[in-house]
J.: 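Pasting a structure here, questions to come.
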Amino acid sequence: MRQSARLQTILDLTAVDAAPLCTNAQAGCHVLSLANLFDRVIQHSARMHGISNDLHSEFELYFLPSKNQIGRVSRNCHTSSILTPNGKENAQRMAREELTEVILKLLVAWRDPLWHFHQSMAHHHDFNNFSSNKSLEMSDMVHELRKGVQKVVEKMQMLGIISNSVSNLASPEALLASDSAEWRLMKDYDLLYCFRRDSNKVQNYLKILKCRIVPEHGC
Amino acid sequence: MLLLLLLLRFSGAGVRMKGGLRLVVLLMLSVESSSLSPPGKPVLLGCRSPEKETFTCWWKPGLDGGLPTVHRLYYEREHLEGTHECPDYRSAGSNSCFFDKNHTYIWVDYHVMVEASNALGNVPSDPLKFDVMEIVRPYAPENVTLMVEEKQESPYLHIRWKHPSNTVSRSGWITIKYQLRVKQENSNDWKNYTSGTQMGFSLYSIHPGVVYEVQVRCTLDHSSWSEWSNTTFVKIPNCEFQRPFAPFVALQLVVKIVKRFLLPPVPGPKIRGVDVQLLKSGKSEDVLGALIVNQNFPPMVARKDQMEEYLIVSDGGEWLLPAPLKSQKKKKSSFIPAGFHLDSQCKESTPSQVQENKDEMKSSSNLEQKQEFSGINFAAADLQKGASENFMQRLPNSGYVDIQRQENIVEVDGILVDYSRVKEVNGDNVFILQKENVPLSLDVQRREESMSEDYSRVKEVNGDNVVLLNPHMTGLSKIGVCTDLSSDGYVDTIPAPSLI
């Protein structure tokens, strides 16, 4: 009897969405959970950017590309085609759905390149184990972060904060579409430079988004 | 010079030269002979963005060559056609170029150079190439104020400051984190403390009668640190009762004698299940094994009031792990329970059992604060190298937060919580769980399927702090999971002993 009662409660729990159980103020608790999810992904993105920063500095030490080459600036990141706001005001003016899509697109676009980057790092004898682990961690993180952001999006849609127009970028079709081969042509150093920049974008956009949507929770 | 002389000679020797040309040549000769020259090469000193919305570049002119020299800054920008000139030479002072919000674009490369020009020529500087993201560096925090607070005979120093004036961080665009350092006036030994995003800090390890110097600095997200703020000085007042009344002294003496000889000895700080000697001298693996895997953690109660009294926690939710986990010079302080009352600085050395720990205790909770995370980091690193086999096992690569194993479950606050997969708590208080090294042959697709939805169990994130995991729903009583945990919810693991 007791056993079945326990099973029952477990089933109830799994049926409920991942929001914490609250005895009162159900709506308030949902909003709290959204803020927490945001904090979570923001921290995650901060760490991801930190790692990319470290790796980039290490690369510079090893390979010493001349930083101040004379000549036109011509950085060709494979994500250049994704239109991203280039400052605070632009990011704040962008619609929530659009900003969210930008974040997801960036994360999706880096999944494969980082995985292959890690593969090539693992075979580099110059690079020590520490860096190789970092590149693996970075590759994992972009993957996890995308899922985390997806959860945030679902939560926002459930709460009616954003419309359902944010396309499901986790679907296989979407992934295939974003898999352009451009990144395969990029050199490792450029990949790192571009990812360092894009991870910084993701971090900042997430923070802006959070402070627009749940500003009362630590902004 | 030689060429000009030759020209003149030839003109003299009958080669016909126009009068005007001769004049020019003569002029140039005269110019040359009084050593005027094209300008020296300017040097681009650098660029800086204090708030990630504008930036300024500065240069240092070379020698001016004796003629009026003009410096112009030119730049190119990614996704922008052509070369452009500095939009504002004035706002940031001389030899500078200010890029306002409309001209500042983040996450694009700028290619900047300065050219010095005078009548005799143009000389460019070496170029500078950067992304504004890379040159962010805030100004120092402001209005550092120091206040000595007297609390039950042990004074502490409350330090407050304001964010740098040009930064407004309500939009999430920037997150300012602070660091402060303190030293006694006559020493060179600065002690650093991290304050996170709080703009206040309390320092307990102060000695009466000493003058302290305090400086604060800050960083925006991952940027370089600002300069240290101007030094603020404070003198801690001497104790009030340095010359107590004779009868009072006698009374104290009597109390001392009674304490020492008649009453049983005061037990030192102690944690149930942890051997202090082991902590002091044991190997890290044993220590950590005892600490973390220990099943006998007493129930954790968030006790706001007492903690506020004895600890200033700059960020909520710090772990109080003992410093010996960090193999730095010095740290041998043993575990100090959160509520332990620090011995008054003003009293003479008391013959109590805590004598041996007194020095460490004096340096109080702040050192612990400082060292906690590094302590834990270190601890985690040790764990990884790994003695404790039952602890860090090869777990399926299931990402972020998940509690699946039944071993290593610790009872916390009446709820079973599994710490076994905690890998690391880094400085920003993020739990990162152990990941298995993915074999290289593993296909990306398969990885995708095997990963579970790992954000679902996140319960709460305290600002910059520890992620509190939802306890695994084992079907046992789940007490109001959405409880209002105090901001220092995780802090102490032992109840404060009753004060002596």
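In what follows, chains carry the letters A, B, and so on, assigned in the order in which the sequence lines appear, proteins first and then strands, with residues in each chain numbered from 1.
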J.: Any idea which heavy atoms bring A:Cys211 and B:Ser171 closest together, and the distance?
T.: CB-O, 3.3 Å

J.: Tabulate, in ascending numerical order, the residues of residues 198-205 of chain A having at least one heavy atom closer than 4.5 Å to a heavy atom of chain B, or enter 'none'.
T.: A:Asn200, A:Lys201, A:Gln203, A:Asn204, A:Tyr205

J.: How would you list, by chain and number, every residue that makes a disulfide bond (SG atoms under 2.5 Å apart) with B:Cys218, sequence neighbours excluded?
T.: none

J.: Using the side-chain contact (heavy atoms from CB on, under 4.5 Å) rule, take B:Lys101 and A:Glu89 through it: C-alpha gap first, then chi angles, then the decisive distance, then the call.
T.: CA-CA 9 Å; B:Lys101 287 186 189 183; A:Glu89 270 95 28; 3.8 Å; yes

J.: Measuring from atom CD of B:Glu134 to atom NE2 of A:His56, what distance do you get when rounded to the nearest 0.5 angstrom?
T.: 7.0 Å

J.: For B:Asp126, is it the side chain, the backbone, both, or neither that has a heavy atom closer than 4.5 Å to a heavy atom of chain A?
T.: neither

J.: Can you name the nearest heavy-atom pair linking A:Asn86 to B:Ile106, along with the distance?
T.: ND2-O, 2.7 Å

J.: Contact between A:His49 and B:His222 at the side-chain level, heavy atoms closer than 4.5 Å - yes or no?
T.: yes

J.: Between B:Asp131 and A:Arg196 (salt bridge meaning N to carboxylate O under 4.0 Å), is one present in this structure?
T.: no

J.: With the threshold set at 4.0 Å, does a side-chain nitrogen-carboxylate oxygen contact exist between B:Glu78 and A:Arg197?
T.: yes

